[in-house]
Amino acid sequence: MRITDLLKPQSILLGGQAADKAGAIDALIDLQAAGGHLADKAAYKEAILAREAQSSTAIEAGIAVPHAKSDAVAGPGLAAMTLTQGVDYGAMDKQPSDLFFMIAAPLDGNLHLEILSRLMVLLMDPEFTSGLRAAKNAEEFLAVIDKAEAAKYGEAGVPGVESVDTAEEAAAKAARNAGGEYRVLAVTACPTGIAHTYMAAEALEKAGKALNITVKVETNGSGGVKNALTAEEIAAADGIIIAADKNVETARFDSKPVIFVPVSDGIHKAEELVKNAAAGNAPVYHHQGGAETVEAASTVKESLGRKTYKDLMNGVSHMLPFVIGGGILIALAFLLDTFDPSNAANFGMGTPVAAFFKTVGGVAFNFMLPILAGYIAMSIADRPGLVVGFVGGSMAAAGTSFATIAGTADPVASGFLGALLAGFVGGYFMLAFEKLCDKLPRSLEGIKPILLYPVVGVLFMGLFMCAFGPIVGALNTGLTSFLAGLGGTSKVLLGAVLGGMMSIDMGGPFNKAAYVTGTGAIATALAAGAGQGAIEYQMMASVMVGGMVPPIAIALCTTFFKKKFTADERKSGVVNYIMGLCFISEGAIPFAAADPLRVIPSCVVGSAVAGALSMVFGCGLMAPHGGIFVFPVVTNVLGYVISLVAGSVVGMAMLAALKKNKEA
């Protein structure tokens with residue numbers, strides 16, 4: 001397979017015109033569709049815009065490489081375009097972009113990724129790009145690519161087969177092997193692992209050749225790690241460069257000078273980086289015993305708030321499958337059972353089928369707090385923190401204390417708050433204990449992870465939770481009682497706040513905070529054996545209806561106020577009906593990213609209205625996810641539907657009032 005196997009003549013436009021970045025993207029997507037590469041244009045465009053929202057895919061010298069991996073791609077393919085007049089695409093050199101390659105990559109299969117990486121490497125050659133710009137038709141354009149690929153990689157062009165080195169490359173490799181070491185090592189990685197990963201690698205290798213400094217680059221692309229660095233190479237290197245916009249393994253670089261930069265710096269500042277790394281002008285990196293991967297940034301350190309959020313999200317992301325799977329099965333148990341007021345405590349266990357669903361769902365759901373605490377602690381202190389967090393989360397769920405062990409008091413679960421406390425306290429305790437153990441003789445290295453860490457960690461967590469668990473449990477009980485006592489305006493305000501938070505950043509910290517509050521409330525209610533009308537279930541109902549509103553409000557607006565949107569936006573708007581009904585708030589992100597000052601306030605107001613009305617109608621939800629598929633288990637489902645419709649209509653009306661006609 002060669003590059004030209006992915007680029008068809010009908011997917012090439014030479015001497016085209018585009019008014020702006022959006023117009024260039026639309027033209028390239030049309031070229032992708034003309035080549036038969038797309039199964040769903042609207043969904044692919046959403047993926048492209050989501051990638052552009054992270055950072056511009058433009059590079060210097062007038063080149064832009066928009067790309068995305070998506071299930072909307074029917075098969076791997078390229079589209080290419082040159083413009084008579086470049087457009088502002090957000091390039092770092094502030095110059096307009098006039099040469100475009102758009103990459104469409106499917107989610108499954110990596111055979112084509114080496115071909116795409118070759119294209120990225122070739123684009124770093126000014127002679128190659130000049131030839132592309134000078135091409136008079138598609139055939140000449142493809143011929144330029146074929147010639148350059150054959151010169152650099154050989155005629156075969158088969159992925160997985162090493163190309164034959166040129167005489168110059170062979171001599172350089174022989175000299176490097178004779179020396180037995182590389183002076184500078186680098187790791188490159190970008191979010192999608194398609195374009196910038198390989199462009200940065202090529203730029204760093206070229207810089208090394210220009211400076212006569214031996215450089216080896218490991219790429220962390222979509223096809224996995226290639227050209228992996230060995231322990232011997234790391235030990236011998238003068239310096240390390242991490243040019244990455246996603247997590248890469250860094251524990252192996254402990255005690256080496258390491259430069260952390262965004263992947264774009266690997267492209268634009270390659271010579272400077274190689275010089276500094278070779279001279280050792282970088283802080284010595286000390287692995288802190290935390291997770292084995294860290295997010296590369298312009299500096300090794302990150303703010304406390306950012307670190308805390310990442311640790312929390314590590315726990316939440318591992319917890320959610322247990323919450324969703326177990327919660328929905330428990331909700332189905334309630335749906336399949338008949339409520340008996342005289343035996344309310346047995347609700348969900350009244351029939352064999354219902355009892356099966358509730359038992360299995362309960363087993364999964366009961367992992368929620370140990371998983372949450374365990375993976376928060378692991379994010380902070382790596383594997384030694386995992387056992388400590390699990391124990392703390394389990395004790396939070398059980399309500400263990402010195403009094404319960406002595407038999408003088410009943411257990412009072414500290415619940416979600418207790419698990420959070422256990423995760424963070426346990427993680428930082430183990431981090432400090434690991435540093436303390438660094439002072440022990442090296443002969444004890446082998447027993448630290450299998451004896452010292454687990455025994456001391458579990459003992460500490462047991463003492464901590466027995467002492468502080470009852471305090472958090474009392475706080476948890478008081479909060480539950482306060483929420484249960486809410487009525488009237490206070491209750492409605494709570495619903496409005498929870499619903500509105502779901503739309504502030506649609507998958508970000510505010511959204512996750514509201515969602516975690518709802519799932520935590522469900523856990524508290526289930527542990528207490530609360531009835532269907534419990535305030536905790538009403539909180540979850542407000543959270544879910546608030547998260548359903550943004551995509552539906554946007555979809556309604558694209559349907560009834562068509563002049564406010566482009567043709568492609570109207571097409572993608574239809575998809576948001578499905579995403580909204582399935583409780584996937586992220587469907588609104590492309591619209592919010594394109595017009596945040598109008599879209600986000602409209603969605604927040606609509607979601608707040610829906611959340612408040614859900615509280616007014618007393619709607620309760622025992623399942624933590626599912627959208628319309630769990631409506632049968634909603635208390636007062638008619639009121640819930642009214643809340644959803646009202647919030648969506650309000651959001652639609654506000655958005656229509658704020659947006660201007662596209663034609664105007």
Side-chain angles (χ1 to χ4, degrees), residues 3-38 40-42 44-49 51-52 56-68 70 72-105 116 119-120 122-148 194-195 199 565-572 590 594 662-663:
I3 294 173
T4 49
D5 293 329
L6 300 179
L7 179 60
K8 302 175 182 177
Q10 58 266 39
S11 295
I12 300 173
L13 173 64
L14 303 180
Q17 294 183 347
D20 51 21
K21 179 177 179 177
I25 289 175
D26 288 339
L28 287 163
I29 291 175
D30 288 339
L31 291 172
Q32 287 280 22
H37 304 141
L38 305 182
D40 187 333
K41 280 178 63 176
Y44 177 68
K45 182 178 179 180
E46 286 189 11
I48 287 288
L49 293 177
R51 173 61 186 89
E52 292 294 334
S56 174
T57 53
I59 56 177
E60 59 189 17
I63 305 169
V65 192
H67 54 274
S70 170
V73 176
L78 290 167
M81 177 175 70
T82 62
L83 300 179
T84 55
Q85 185 173 354
V87 298
D88 181 4
Y89 210 88
M92 289 189 66
D93 60 2
K94 308 299 182 182
Q95 297 301 309
S97 300
D98 65 341
L99 175 60
F100 295 85
F101 279 91
M102 178 174 276
I103 301 171
L116 299 180
L119 174 63
M120 298 306 103
L122 293 177
L123 285 173
M124 302 301 293
D125 183 354
E127 291 186 10
F128 174 68
T129 55
S130 296
L132 294 177
R133 289 187 172 98
K136 296 180 175 61
N137 52 51
E139 289 70 23
E140 286 188 18
F141 194 89
L142 292 171
V144 171
I145 296 174
D146 259 338
K147 181 180 178 181
I194 297 175
M199 299 179 83
F565 302 89
T566 65
D568 285 335
E569 285 175 336
R570 291 195 293 269
K571 292 176 184 177
S572 61
K662 285 293 183 180
E663 288 77 5

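For Ala64, the side-chain contact (heavy atoms from CB on, under 4.5 Å) partners are Ala58, Pro66, Tyr89, Ser97, Phe100, not counting sequence neighbours. Not counting sequence neighbours, the partners of Ala135 by the side-chain contact (heavy atoms from CB on, under 4.5 Å) test are Leu14, Glu140, Phe141.
Heavy-atom minimum distance, Ala72 versus Tyr44: CB-N, 3.6 Å. The two residues Phe101 and Leu123 have their closest heavy-atom pair at CE1-CD2, 3.8 Å. The shortest heavy-atom contact between Leu38 and Ala104 is CD2-CB, 4.3 Å. What you find for Lys8 and Gly35 is that their closest heavy atoms are NZ-O, 2.8 Å. The minimum heavy-atom distance linking Ser11 with Leu78 is given by the pair CB-O, 3.5 Å.
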Residues Val73, Asp40; criterion side-chain contact (heavy atoms from CB on, under 4.5 Å); working and verdict: CA-CA 7 Å; Val73 176; Asp40 187 333; over 6 Å; no

Salt bridge (charged side-chain N to carboxylate O under 4.0 Å, His left out) assessment of Lys45 paired with Asp26: CA-CA 8 Å; Lys45 182 178 179 180; Asp26 288 339; 3.0 Å; yes

Intermediate values then yes/no, side-chain contact (heavy atoms from CB on, under 4.5 Å), Ile12 and Leu31: CA-CA 7 Å; Ile12 300 173; Leu31 291 172; over 6 Å; no

Evaluation steps, side-chain contact (heavy atoms from CB on, under 4.5 Å), between Leu122 and Ile3: CA-CA 11 Å; Leu122 293 177; Ile3 294 173; 3.7 Å; yes

Working for side-chain contact (heavy atoms from CB on, under 4.5 Å), residues Ile145 and Leu132: CA-CA 8 Å; Ile145 296 174; Leu132 294 177; 3.8 Å; yes

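By the 4.5 Å heavy-atom criterion applied to side chains, Pro76 and Leu6 are counted as neighbours. Contact check for Ile48 versus Met102: side-chain heavy atoms found under the 4.5 Å cut-off.
With values rounded to the nearest 0.5 angstrom, Leu142 atom CG is found 9.0 Å from Asn137 atom CG. Expressed to the nearest 0.5 Å, how far CG of Leu83 lies from CG of Leu13 amounts to 7.5 Å.
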Please set out all donor-acceptor pairs under 3.5 angstrom arising from side-chain atoms of residues 17-24, sequence neighbours excluded.
{"residue": "Asp20", "atom": "OD1", "partner": "Ala22", "partner atom": "N", "Å": "3.3"}
{"residue": "Asp20", "atom": "OD1", "partner": "Gly23", "partner atom": "N", "Å": "2.8"}
{"residue": "Lys21", "atom": "NZ", "partner": "Glu52", "partner atom": "OE1", "Å": "3.0"}

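The residues Asp30 and Lys41 are annotated as salt-bridged, a charged nitrogen and a carboxylate oxygen being separated by less than 4.0 angstrom.
The backbone N or O of Phe565 sits less than 3.5 Å from a side-chain atom of Arg570, completing a donor-acceptor pair. Looking at Thr82, its side chain does come within 3.5 Å of a backbone N or O of Gly15 through a donor-acceptor pair.
Tested against Ile103 for a side-chain contact (heavy atoms from CB on, under 4.5 Å), the candidates Gln32, His67, His37 yield a single pass: His67.
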